[in-house]
Amino acid sequence: MNRRESTKWLTLRRILQFGEFYKSRILEGSPLRRAFTKLATAVGAFNEDAAAERTRARDGRKTLQVSRGALVFRLDAIARTARMIAKTIPGFDEPFQLPRPVKYAVVLTAGHAFLRDAEPLAAQFIAHGMAADFVDDLRKALTAFEEAHAEREAGVVARSSAREGVRNAVKAANAAVNTIDLIVRYQHTADSEMQSAW
């Protein structure tokens, strides 16, 4: 929810409070009562979609960052160990260069390359201090990263849908507010207290 939408939300809440305060003066089933009901529905949808938008954006980003960090940590350990092995086997470290910056595509490509190239050389890595299951560990970290990225992409789609929901809710709320404004201004002119509060 951006600043403009936050301001709009506060305005809509005040209008709903106005409707609740003067509810006893608004006939059941009247156009004004129906307009307040439509406004309440729109505000509910607005709240739901705005919350979904915030949650999706926050959760997807955090999961991707954590899984990326875990994968980069493993890739870095393999690259460092390969450099150590290269002191006795020249060129051993060439397939295990971790490019910088380590953005999504770089990390993904490096992860698959390291997995492919390290598996047949696992014994040498293990002999130089890597854990016996480091290849499986790398595979799991790579899978977790790919899943987190897919989840993030799904979150972007869901966030876009929630954003559209927010826009639609604002449109519906605006229509209801316009109706309320017309009715309060022109059909309740005799109620000076209501007019003053409006």
Side-chain angles (χ1 to χ4, degrees), residues 1-72 101-109 111 141-198:
M1 188 188 319
N2 59 37
R3 184 178 297 177
R4 184 178 174 184
E5 289 166 349
S6 295
T7 302
K8 184 71 175 175
W9 183 85
L10 291 172
T11 301
L12 296 176
R13 293 294 303 158
R14 283 195 293 270
I15 293 170
L16 281 177
Q17 288 169 351
F18 172 90
E20 195 58 37
F21 186 80
Y22 291 102
K23 190 174 184 177
S24 61
R25 300 182 193 186
I26 303 170
L27 293 175
E28 190 71 43
S30 68
L32 185 56
R33 180 64 69 88
R34 287 196 304 272
F36 273 111
T37 300
K38 286 179 184 175
L39 179 59
T41 301
V43 168
F46 180 91
N47 291 341
E48 194 173 305
D49 287 326
E53 181 186 359
R54 283 192 307 273
T55 301
R56 276 298 197 170
R58 183 181 61 244
D59 291 350
R61 187 169 48 244
K62 184 177 180 182
T63 303
L64 186 59
Q65 286 172 345
V66 168
S67 64
R68 178 185 161 281
L71 180 56
V72 169
V102 284
K103 295 189 176 179
Y104 170 75
V106 171
V107 172
L108 185 63
T109 302
L142 184 56
T143 299
F145 180 64
E146 289 174 323
E147 288 173 354
H149 187 264
E151 182 182 322
R152 170 78 169 139
E153 290 300 302
V156 168
V157 172
R159 185 178 178 200
S160 176
S161 176
R163 174 120 294 280
E164 184 63 25
V166 166
R167 282 193 290 269
N168 290 338
V170 168
K171 284 179 188 174
N174 285 339
V177 168
N178 288 339
T179 302
I180 292 167
D181 183 54
L182 284 171
I183 294 172
V184 170
R185 282 179 190 270
Y186 301 111
Q187 293 183 20
H188 290 265
T189 53
D191 191 330
S192 59
E193 183 187 337
M194 186 185 277
Q195 289 291 313
S196 177
W198 183 248

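Only heavy atoms go into these numbers, but all of them, side chains included; no hydrogens, no water, no symmetry mates.
For residues 167-198, the set of pairs meeting the ring pair (Phe, Tyr, Trp, His ring centres under 6.0 Å) definition, not counting sequence neighbours, comprises F18-W198.
Between the side chain of T41 and the backbone N or O of T37, at least one donor-acceptor pair lies under 3.5 Å. For Q195 (side chain) and A190 (main-chain N/O), no donor-acceptor pair under 3.5 Å exists by modelled atom type. Judged by distance alone, the side chain of S67 and the main-chain N or O of L64 form a donor-acceptor pair under 3.5 Å.
Taking both residues in full, the closest heavy atoms of L12 and A173 are given as CD1-CB, 3.6 Å, listed atom of the first, atom of the second, then distance. For the pair A35 and A176, the tightest heavy-atom approach, listed with the atom from each and the gap, is O-CB, 3.6 Å. The heavy-atom pair separating R33 from I26 by the smallest distance is NH2-O, 2.7 Å.
For R13, the side chain to side chain contact (heavy atoms under 4.5 Å, CB included) partners at least two apart in sequence or on another chain are W9, L16, V43. In terms of the side chain to side chain contact (heavy atoms under 4.5 Å, CB included) criterion, residue partners of E164 (sequence neighbours excluded) are, by chain and number, R167, N168. Residues satisfying the ring-ring contact (aromatic ring centres under 6.0 Å, His included) criterion with F36, sequence neighbours excluded, are absent altogether. In this view, F21 satisfies the ring-ring contact (aromatic ring centres under 6.0 Å, His included) rule with no residue, not counting sequence neighbours. In this structure, the salt bridge (Lys or Arg N to Asp or Glu O under 4.0 Å) partners of R25, at least two apart in sequence or on a different chain, are D191, E193.
Considering CD of E28 and CZ of R34, their distance stands at 10.5 Å, rounded to 0.5 Å. How far NZ of K171 is from CZ of F46: 14.0 Å, rounded to the nearest 0.5 Å. In this structure, I180 CD1 and I15 CD1 are separated by 6.5 Å, a value rounded to the nearest 0.5 Å.
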Step by step, would you call L32 with T179 a side chain to side chain contact (heavy atoms under 4.5 Å, CB included)?
CA-CA 7 Å; L32 185 56; T179 302; over 6 Å; no
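Aromatic ring orientation, H149 versus Y104: parallel (interplanar angle below 30°, classes split at 30° and 60°).
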